[in-house]
Amino acid sequence: MCASDQPPETHTRTATETERDPAAAADRLGERIAEVLSDPVTTHGLARALRTAARELEVHRHHLAGRGSRPGGRIEQRPDRVQIGGGAHRVDGFFHIDARPPADLLWDVREGLPLHDGSVELLFSEHFLEHIDYPRSAKRYAAEAHRVLRPGGRIVTGVPDAAFALGRYYGPLDPVGETIERWYARRDCRPHINTRLDLVNLVFRDQDDDPRYTPHLWAYDHEKLVQLFTEAGFATVEPWAFDATIANPKRRWGSVYVTATR
């Protein structure tokens, strides 16, 4: 019998061989990234890209864990007040959803909000929106906020104010000015703020080799926030009177806040 006449080889694969394991795949990729990052010949550009990939892998692992326990994409709780992406700034009385610990639920909100339709009275976030991509993720987030809020419910959003940064563009740089001291005095980027345009670039991009900081992906001002939430279907979008019992007082300087009502 020639080779072409041989019957096809049969092999019964086990369930574990055929089932896809996204978490295991992410772990293997994370190990490989760590190996390349530790190699002294890895170039600066590749290292920056891999650190970004490593951060996304961490978020992906957390999201897989959260989704695995909630296959329907909705949490059982129906919290009245929800904070999105607050990091270490936790607000009393709010259910906290974030991509990284600490949080009540680890979840990547770029993939949607794990909340029931019309179940939330108040959504709150500050210095979060500028860290997700526009238009895909930012517009999806605004639309999801509209979906989960009750009629008359509100979303309060605070971001670095691009108009504030641009308004200070003209004139010489004050190396000990309030903006630098408040925002960047303890950052590694401080020695590289040499012109007014450097400050503008930090507000718009905030790129940094320090893995503790994630870049800004889109800049916002009051007009842009109004447009974003109006397009998502909100009835009104107005300036928000800063409330230090909810917002982080350290964020007030150079930020713009709005409240959008469903």
Side-chain angles (χ1 to χ4, degrees), residues 44-53 55-56 84-89 99-100 109-110 124-142 155-232 237-242 244 247-260:
H44 171 69
L46 179 59
R48 284 178 64 96
L50 289 177
R51 282 195 294 270
T52 298
R55 284 196 298 266
E56 287 294 342
I84 303 294
H89 179 71
R100 296 187 181 93
V109 300
R110 293 172 297 183
F124 174 76
S125 76
E126 59 182 343
H127 287 237
F128 154 76
L129 188 62
E130 71 273 14
H131 292 287
I132 64 176
D133 57 286
Y134 180 95
R136 191 267 189 192
S137 294
K139 290 195 173 186
R140 181 174 187 180
Y141 172 69
I155 177 172
V156 173
T157 305
V159 291
D161 189 358
F164 173 84
L166 292 172
R168 292 167 174 256
Y169 171 72
Y170 296 101
L173 177 72
D174 182 356
V176 293
E178 190 171 10
T179 303
I180 293 177
E181 289 302 308
R182 284 178 177 267
W183 287 349
Y184 306 111
R186 292 178 293 277
R187 293 274 299 273
D188 291 343
C189 63
R190 172 64 188 86
H192 308 296
I193 303 174
N194 309 123
T195 69
R196 286 282 186 183
L197 190 56
D198 293 329
L199 279 176
V200 172
N201 272 297
L202 281 167
V203 170
F204 276 70
R205 297 180 177 88
D206 201 9
Q207 297 178 11
D208 200 315
D209 282 331
D210 189 328
R212 293 175 297 174
Y213 300 100
T214 54
H216 293 177
L217 299 183
W218 206 257
Y220 295 87
D221 60 6
H222 176 78
E223 180 185 23
K224 182 57 191 175
L225 290 174
V226 170
Q227 182 275 322
L228 176 70
F229 290 112
T230 300
E231 181 182 297
V237 186
E238 300 172 322
W240 183 66
F242 191 89
N248 187 343
K250 295 180 180 179
R251 299 293 196 189
R252 187 171 189 174
W253 171 262
S255 298
V256 56
Y257 290 79
V258 300
T259 178

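Here, residue 1 is the first one in the sequence, and each next residue gets the next number.
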Compare all side-chain heavy atoms of [X] with those of [Y] and state whether any distance is below 4.5 angstrom.
X      : Y      : answer
Phe164 : Val203 : no
Val200 : Leu166 : yes
Arg168 : Thr179 : yes
Leu202 : Trp183 : no
Trp218 : Asp133 : no

Using every non-hydrogen atom in the two residues, find where [X] and [Y] come nearest and quote the distance to one decimal.
X      : Y      : value
Glu181 : Val176 : CG-O, 3.7 Å
Tyr220 : Val256 : O-CG1, 4.5 Å
Ile180 : Asp174 : CD1-O, 3.5 Å
Ile132 : Tyr141 : CD1-CB, 4.2 Å
His216 : Pro160 : CE1-CG, 4.0 Å
Leu173 : Thr195 : CD2-N, 3.6 Å

Determine whether Arg48 and Gln207 satisfy the following criterion, side chain to side chain contact (heavy atoms under 4.5 Å, CB included), listing intermediate values before the conclusion. CA-CA 10 Å; Arg48 284 178 64 96; Gln207 297 178 11; 3.5 Å; yes

For the [atom1] atom on [X], are there more than 12 heavy atoms of other groups (residues, nucleotides or ligands in this structure) within a distance under 6.0 Å?
X      : atom1 : result
Glu223 : CD    : no
Lys139 : NZ    : yes
Arg136 : CZ    : yes
Tyr213 : OH    : yes

In sequence, state the C-alpha distance, the side-chain angles, and the governing distance for His89 and Glu126, and then conclude on side chain to side chain contact (heavy atoms under 4.5 Å, CB included). CA-CA 10 Å; His89 179 71; Glu126 59 182 343; 3.6 Å; yes

Step by step, work out the side chain to side chain contact (heavy atoms under 4.5 Å, CB included) result for Ile84 and Ile155. CA-CA 10 Å; Ile84 303 294; Ile155 177 172; over 6 Å; no

Should the pair Glu56-Arg110 be classified as a salt bridge under the 4.0 Å nitrogen-to-oxygen rule? yes

Could you tell me whether the side chain of His131 and the main chain of Pro215 form a donor-acceptor pair under 3.5 Å? yes

Please confirm whether the backbone N or O of Pro172 pairs with a side-chain atom of Arg196, one donor and one acceptor, at under 3.5 Å? yes

State the [atom1]-[atom2] distance between [X] and [Y], to the nearest 0.5 angstrom.
X      : Y      : atom1 : atom2 : answer
Tyr257 : Asp161 : OH    : CG    : 11.0 Å
Leu228 : Thr157 : CG    : OG1   : 8.0 Å
Arg190 : Tyr184 : CZ    : OH    : 11.5 Å

Can you list the residues that meet the salt bridge (Lys or Arg N to Asp or Glu O under 4.0 Å) rule with Arg187, with sequence neighbours excluded? Asp206, Asp208

Go through the steps for Glu231 and Gln227 under the test side chain to side chain donor-acceptor pair (under 3.5 Å), then give the verdict. CA-CA 6 Å; Glu231 181 182 297; Gln227 182 275 322; 2.8 Å; yes

Parallel under 30°, tilted from 30 to 60°, perpendicular over 60°: which one fits the rings of Trp240 and Phe124? tilted

